[in-house]
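One structure below.
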Amino acid sequence: MNSVAAALLVWTLTSPSSSGHGRGDAWPTHRACSSGGLEVFYQSCDPLQDFGLSIDQCARHIQPSLNIRFGIILREDISKLFLDIALVSGGSSFLNFSYPICEEDLPKFSFCGRRKGEQIYYAGPVNNLGFDVPQGEYRALLKLYNENHAMVACANATIICS
Ligand SMILES: *[C@@H]1O[C@H](CO)[C@@H](O)[C@H](O)[C@H]1NC(C)=O
Ligand SMILES: *[C@@H]1O[C@H](CO)[C@@H](O)[C@H](O)[C@H]1NC(C)=O
């Protein structure tokens with residue numbers, strides 16, 4: 001993504017939607033990817049802000065090195081950053097993961113250590129184990145939080161694998 005596209009992404013994140021974003025309204029649903037039999041939609045569950053995410057090479061076989069683009073304005077410092085993922089089915093979670101993204105002595109990404117108020121735009125690989133997504137429709141809750149358990153981002157997602 002070039003700098004114009006990155007600027008546009010940030011602009012869409014910080015501009016109110018055309019219908020206006022007020023108390024009680026949900027953020028719009030975004031499509032993170034759709035190809036190769038896999039569709040991923042997400043919606044920010046942080047009442048204060050939306051964020052941008054897209055996944056390249058989307059397919060039901062998740063590659064061990066997956067390229068993503070992620071843009072957000074930090075509401076908190078992130079010298080440490082953790083991701084919690086809960087997979088939900090029929091209203092209750094059946095699988096929880098917790099994954100450290102930034103640790104003080106092991107900063108995995110260039111944006112680790114950035115401060116509150118700064119804008120992050122990351123485009124690059126995310127390493128994972130590589131796996132096949134089983135067929136079906138899943139819901140997931142994702143939470144990013146820092147060393148003080150302050151929320152950095154929150155999303156609920158729907159994953160459809162056909
Ligand atoms: C997020 O959760 C809300 C409320 O449960 C739901 O209506 C919406 O469809 C979900 N969005 C996605 C993308 O899963
Ligand atoms: C996953 O985490 C949620 C929230 O922390 C908790 O309510 C739920 O019981 C956990 N589920 C499993 C399967 O451990």
Side-chain angles (χ1 to χ4, degrees), residues 1 5-6 8-63 66-103 108 119-123 126-162:
M1 192 184 277
L8 236 162
L9 172 77
V10 170
W11 179 79
T12 49
L13 297 180
T14 50
S15 304
S17 65
S18 51
S19 59
H21 183 78
R23 199 181 281 267
D25 289 349
W27 290 106
T29 298
H30 304 287
R31 188 167 65 194
C33 76
S34 171
S35 68
L38 188 67
E39 285 181 287
V40 178
F41 299 94
Y42 73 95
Q43 207 170 357
S44 171
C45 44
D46 179 341
L48 296 180
Q49 76 168 348
D50 200 359
F51 67 92
L53 170 69
S54 75
I55 306 168
D56 299 350
Q57 320 123 318
C58 175
R60 47 170 312 218
H61 178 70
I62 304 292
Q63 301 291 326
L66 196 67
N67 281 312
I68 67 157
R69 300 153 204 260
F70 178 72
I72 195 167
I73 294 166
L74 289 178
R75 281 174 49 197
E76 303 290 341
D77 294 354
I78 52 164
S79 49
K80 292 188 191 169
L81 186 66
F82 305 94
L83 172 66
D84 276 3
I85 302 178
L87 291 177
V88 181
S89 174
S92 59
S93 64
F94 65 93
L95 203 53
N96 288 352
F97 308 91
S98 196
Y99 182 72
I101 296 176
C102 299
E103 292 173 292
K108 295 196 183 87
Q119 175 187 305
I120 290 182
Y121 175 68
Y122 176 77
V126 175
N127 296 320
N128 65 87
L129 295 174
F131 58 95
D132 283 320
V133 181
Q135 277 190 1
E137 183 171 330
Y138 310 90
R139 297 220 156 205
L141 292 171
L142 297 97
K143 276 183 194 159
L144 282 172
Y145 57 93
N146 73 1
E147 59 271 31
N148 304 319
H149 280 270
M151 192 205 289
V152 174
C154 168
N156 69 313
T158 299
I159 299 146
I160 302 164
C161 183
S162 51

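The figures that follow rest on heavy atoms only: side chains count, while hydrogens, waters and symmetry mates do not. In each ligand, atom 1 is the first atom listed, and ligand 1 is the first ligand listed.
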Practice task
Report the C-alpha distance between Phe51 and Tyr42 in whole Å, list the side-chain angles of each, state the deciding distance to 0.1 Å, and finish with yes or no for ring-ring contact (aromatic ring centres under 6.0 Å, His included).
Solution key: CA-CA 10 Å; Phe51 67 92; Tyr42 73 95; 5.1 Å; yes
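- Per-atom contact check: atom 8 (C) of ligand 2 touches the protein, criterion being a heavy-atom distance below 4.0 Å.
- The closest side-chain heavy-atom distance from Leu53 to Ile68 is below 4.5 Å.
- Listed for the Asn67 side chain is no donor-acceptor partner under 3.5 Å among the backbone atoms of Asp56.
- Proximity of atom 5 (O) of ligand 2 to the protein is not indicated, since no non-hydrogen protein atom lies closer than 4.0 angstrom.
- At a distance under 4.0 Å, a protein heavy atom can be found next to atom 2 (O) of ligand 2.
- Within the 4.0 angstrom cut-off, atom 14 (O) of ligand 1 has one or more protein heavy-atom neighbours.
- With Gln43 contributing its side chain and Ala26 its backbone, the two residues share no donor-acceptor pair below 3.5 Å.
- A donor-acceptor pair under 3.5 Å links the side-chain atoms of Ser35 to the main chain of Cys58, judged by distance alone.
- Residue contact annotation: Ala86 has no non-hydrogen atom under 4.0 Å from ligand 2.
- Under 4.0 Å from ligand 1, the heavy atoms of Ala157 that appear belong solely to its backbone.
- Distance from atom 11 (N) of ligand 1 to its nearest protein heavy atom, with residue and atom name: Gln43 OE1, 2.9 Å.
- Heavy-atom proximity to atom 10 (C) of ligand 2, evaluated over Leu141, Leu87, Asn96, is greatest for Asn96.
- With ligand atoms numbered from 1 in the order given, ligand 1 contributes 6 (C), 8 (C), 9 (O), 10 (C), 14 (O) to contacts under 4.0 Å with heavy atoms of Arg139.
- Proximity of a side-chain donor or acceptor of Glu39 to a complementary backbone N or O of Ile160 within less than 3.5 Å is not detected.
- Among all protein heavy atoms, the one lying closest to atom 12 (C) of ligand 1 is Thr158 OG1, 3.4 Å.
- Between Leu144 and Phe70, some side-chain heavy-atom pair lies under the 4.5 Å cut-off.
- For a threshold of 3.5 Å applied to N or O pairs, the pair formed by Thr29 and ligand 1 contains no separation below that value.
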> side chain to side chain contact (heavy atoms under 4.5 Å, CB included) between Lys143 and Phe82: does it pass, once the steps are laid out?
Replying inline: CA-CA 8 Å; Lys143 276 183 194 159; Phe82 305 94; over 6 Å; no
